[in-house]
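The block underneath contains the structure these notes are about, expressed in structure tokens.
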Number of protein chains: 2
Amino acid sequence: MDENATLTRGERTRSEIMTAAQQLFVQHGYHGTSMRQIAQRADIALGGIYNHFDSKEQIFLTVLTEMHPLHYVLPLMSTAQGSTIEEFVREAAKQMVEGVGERLEFINLIFIELVEFKGEHLAQIFNIFFPRIMEFAQRIIQSDGELRPIPLPVLVRAYIGLFFSYILTELLLSKQLPPEMEQDALDHFVDIFLHGILVENPPPAE
Amino acid sequence: MDENATLTRGERTRSEIMTAAQQLFVQHGYHGTSMRQIAQRADIALGGIYNHFDSKEQIFLTVLTEMHPLHYVLPLMSTAQGSTIEEFVREAAKQMVEGVGERLEFINLIFIELVEFKGEHLAQIFNIFFPRIMEFAQRIIQSDGELRPIPLPVLVRAYIGLFFSYILTELLLSKQLPPEMEQDALDHFVDIFLHGILVENPPPAE
DNA sequence: CCTACCGATCGGTAGG
DNA sequence: CCTACCGATCGGTAGG
């Protein structure tokens, strides 16, 4: 939590504005958050914000890109070990969910982007992360194990989908069915996915 | 489109308010939509809205529950034929995506609900559809075919997740990678899911 | 169902 | 980086 150690005064203020904005956008949406709320939480006067950002939308875009969890989750996933596809995918999924789990609420910003900005900013974000995602995909198909004949882009998409289906059903259902639907849900999801993409090779008992 | 045929005057107005509100919420979010915009699109004066709804939030909640696609998609899915799990799931997924596809934008209201209302209204919606969803799950496990040992709640959740992962990756990626990632993506998704939940039994070539 | 209005709050800026 | 302000718009209501 000593992230401000080497920052200049101005950089620190900027970072405080972004943190405040991120929290508020996550909680109330874009139009549900006011510049005054951001200023108050960042401990600055309203007018002061405009020394660092041109507009409210620019704050949102900056938060969405610079604070995106993939910045640290992708490297985390790359550290996953495992010589077989199964080991690697299982390990990477764990890293992914654990890494994102710390800031699960960030997904709200993606929803806001889709709804309130009609996905205008997605192309920029896409360009930032595309290369690393493809590297990751390469590692999967180069690991040991026989994949069913699924086009690589579909595989990537299904893997991303695996994550969202886990998170979204978590958000939608966790408040309704606390215990039973919950248990080991991620393990099962990964299991279904693995069993779904591999030719045979039943996964080892847990 | 003759839905107003048997409605009274008041019911027609109410329905027009809801349609207007649904469109605007989908496009701009909850806080991004004003009561004046709703009134204008529904061709009524601002004050007139309050003859039908107590507040803006009540309009949102009514739209979210009464206009929810599951009202007609669940019955559609129940019409799916097929004596084996595979046939049935494949057919039902097709019905689901086709049915929802007509009003894909509705998913935005679910995002709004999650972000701007923190899922406050989810319990009500859940209660409306829960019984039918469980009936559907029963039909799957009673069909011919051997399921891997996956708890029923997890199976239901994975099926819901299948849908969301398809839709969300569609929203997130379709604007970036028009053709290649797109092709037959749903077929592949269903394929991975089926292969993932069934014991063996390779799916027939298309 | 409409007109006319309420107080509150919005994003943003001038000027220092 | 703050104070004080701008015009515009917000959700909602009184009264008819």
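Bear in mind the structure is a predicted one, so any value in this text is a computation, not a measurement. A, B, ... follow the sequence lines: proteins, then strands. Residue 1 opens every chain.
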First and last nucleotide of DNA chain D, 5' to 3', lying under 4.0 Å from heavy atoms of chain B: D/dC10 to D/dT13
Using ring pair (Phe, Tyr, Trp, His ring centres under 6.0 Å) as the criterion, list what pairs up with B/F193, not counting sequence neighbours. B/Y159
Of B/S55 and A/G10, the one whose nearest nucleotide on DNA chain D sits closer to the 5' end is A/G10
Can you confirm whether A/N51 is buried at CG, in the sense that more than 12 heavy atoms of other residues, nucleotides or ligands lie under 6.0 Å from that atom? yes
The complete set of salt bridge (charged side-chain N to carboxylate O under 4.0 Å, His left out) pairs with one or both residues in residues 61-78 of chain B, sequence neighbours excluded, reads B/R14-B/E66
Listed pairs under 3.5 Å, donor-acceptor, residues 103-114 of chain B side chains, sequence neighbours left out:
{"from": "B/R103", "atom 1": "NH1", "to": "B/M67", "atom 2": "O", "distance (Å)": "3.1"}
{"from": "B/R103", "atom 1": "NH2", "to": "B/M67", "atom 2": "O", "distance (Å)": "2.7"}
{"from": "B/N108", "atom 1": "ND2", "to": "B/V26", "atom 2": "O", "distance (Å)": "2.9"}
{"from": "B/E113", "atom 1": "OE1", "to": "B/H121", "atom 2": "ND1", "distance (Å)": "2.7"}
{"from": "B/E113", "atom 1": "OE2", "to": "B/E120", "atom 2": "N", "distance (Å)": "3.1"}
{"from": "B/E113", "atom 1": "OE2", "to": "B/H121", "atom 2": "N", "distance (Å)": "2.6"}
{"from": "B/E113", "atom 1": "OE2", "to": "B/L122", "atom 2": "N", "distance (Å)": "3.4"}

Just to be sure I understand the rule, does A/H31 reach a base, reach only the sugar-phosphate, or reach nothing, if contact means heavy atoms closer than 4.0 Å? nothing
Return the set of residues passing side chain to side chain donor-acceptor pair (under 3.5 Å) with B/E116 (not counting sequence neighbours), or none when no residue passes. B/H31
In chain order, what residues pass the ring pair (Phe, Tyr, Trp, His ring centres under 6.0 Å) check against B/F129, with sequence neighbours excluded? B/H68, B/H71
With both pairing distances under 3.5 angstrom for Watson-Crick or G-U wobble, and | for a partner in another strand, the correct string for DNA chain D is ||||||||||||||||
Side chain to side chain donor-acceptor pair (under 3.5 Å) against B/R41, all qualifying residues, sequence neighbours excluded: B/Q23
With sequence neighbours excluded, residues passing side chain to side chain donor-acceptor pair (under 3.5 Å) with A/R139: none
Name all residues meeting the side chain to side chain donor-acceptor pair (under 3.5 Å) criterion together with A/H52; count only those two or more places apart in sequence or in a different chain, and write none if there are none. none
Side-chain atoms of residues 73-81 of chain A: list all donor-acceptor pairs with protein atoms under 3.5 Å, sequence neighbours left out, distances to 0.1 Å.
{"from": "A/S78", "atom 1": "OG", "to": "A/L74", "atom 2": "O", "distance (Å)": "3.1"}
{"from": "A/T79", "atom 1": "OG1", "to": "A/L76", "atom 2": "O", "distance (Å)": "2.5"}
{"from": "A/Q81", "atom 1": "NE2", "to": "A/T79", "atom 2": "O", "distance (Å)": "3.1"}

Contact list please: residues 35-46 of chain A against DNA chain D, heavy atoms, distance less than 4.0 Å, in numerical order. A/R36, A/I44, A/A45
